[in-house]
Amino acid sequence: MNFDRLAAHYHWLETICAGGLMQRCRTTFLPRTQNSRRALLVGEGTGRFLVELLRCNPEIQITCVEHCEGMIKQARERLTSEGQDGSRVQFKHMDALDWMPPSEKYDLVVTNFFLDCFRPEQLQKLVPRLAESTTTEAIWLLADFRVPERGWKRWRANMILAMLYAFFKLAASLSVSRLTPPDTYLVNAGFNLMDRRFASLGFAHSDFWKRTAT
Ligand SMILES: C[S@@+](CC[C@H](N)C(=O)[O-])C[C@H]1O[C@@H](n2cnc3c(N)ncnc32)[C@H](O)[C@@H]1O
């Protein structure tokens, strides 16, 4: 998987194909991050969520784990153009699948349109790994695509997803060809779904998960 060729085009492609849908999904639960102090953003891409998080939370320190150098460059440029304090953000250019959680603990994890890039056996490894790096009452925000249960909305979602995965296979050598809902992995890693909002006729969702204190 390599998003380098896409990085410079990701923003305008998103705007043309999805309008404001993805950004609305990314920021649905942003107001609930106001007490967060240490955030882990994984596969953040061009930094559209990142700048909004910095803007709404003046205290927060952020680690971004991102595999694609081009995406990190886009995110850094966005920080500058939006007048945000880049010293509060630490970029780690690496594969999240190889990332070993540091001893510091995060009270916020964000994976927007990221977990859909992985196969079930990868999620089984990745989600608990990220969960290990969290505090006992951490929150986890995610936005992603989904397939509604039945009817024409299901058919529509499957058709759009087939096109999306075919595009990312060509443009980013994505080896995944179908969506795996991450819910089971999050529950097994000790997180509870507290709130979920749907968008685009059930084709996208924004989630607010919270770790259960043990
Ligand atoms: C579909 S894009 C989503 C970007 C952004 N989060 C958004 O909301 O649009 C997936 C992002 O995850 C990054 N990525 C994919 N696999 C990764 C991995 N194994 N480790 C870290 N980042 C990865 C890609 O470089 C890309 O920036």
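What's counted below: heavy atoms across the whole structure, side chains too, no hydrogens, waters or symmetry copies. Just so you know, ligand 1 is whichever comes first in the structure, and atom 1 is the first atom listed for that ligand. The structure presented is a predicted model; accordingly, all values stated were derived computationally and were not measured.
A centroid separation of less than 6.0 Å is found between the aromatic rings of Phe3 and Phe168.
Counting non-hydrogen atoms of neighbouring residues, nucleotides and ligands closer than 6.0 angstrom, the NZ atom of Lys105 exceeds 12 such neighbours. Few gaps surround CZ on Arg55; more than 12 heavy atoms of other groups in view lie less than 6.0 Å from it.
For Tyr106, there are no ring pair (Phe, Tyr, Trp, His ring centres under 6.0 Å) partners, not counting sequence neighbours.
The closest side-chain heavy-atom distance from Tyr165 to Asp116 is below 4.5 Å. Contact of the Asp107 side chain with the Ile139 side chain is not registered, since no non-hydrogen atoms from C-beta on lie closer than 4.5 Å.
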Ligand-protein N/O pairs under 3.5 Å (ligand 1):
from: ligand 1; atom 1: 6 (N); to: Gly43; atom 2: O; distance (Å): 2.7
from: ligand 1; atom 1: 6 (N); to: Glu44; atom 2: O; distance (Å): 3.4
from: ligand 1; atom 1: 6 (N); to: Asn112; atom 2: O; distance (Å): 2.7
from: ligand 1; atom 1: 8 (O); to: Arg26; atom 2: NE; distance (Å): 2.7
from: ligand 1; atom 1: 8 (O); to: Arg26; atom 2: NH2; distance (Å): 3.3
from: ligand 1; atom 1: 8 (O); to: Asn112; atom 2: O; distance (Å): 3.3
from: ligand 1; atom 1: 9 (O); to: Tyr10; atom 2: OH; distance (Å): 2.7
from: ligand 1; atom 1: 9 (O); to: Arg26; atom 2: NH2; distance (Å): 2.8
from: ligand 1; atom 1: 19 (N); to: Asp95; atom 2: OD1; distance (Å): 2.7
from: ligand 1; atom 1: 20 (N); to: Ala96; atom 2: N; distance (Å): 2.8
from: ligand 1; atom 1: 22 (N); to: His67; atom 2: N; distance (Å): 3.1
from: ligand 1; atom 1: 25 (O); to: Glu66; atom 2: OE2; distance (Å): 2.4
from: ligand 1; atom 1: 27 (O); to: Glu66; atom 2: OE1; distance (Å): 2.8
from: ligand 1; atom 1: 27 (O); to: Glu66; atom 2: OE2; distance (Å): 3.2

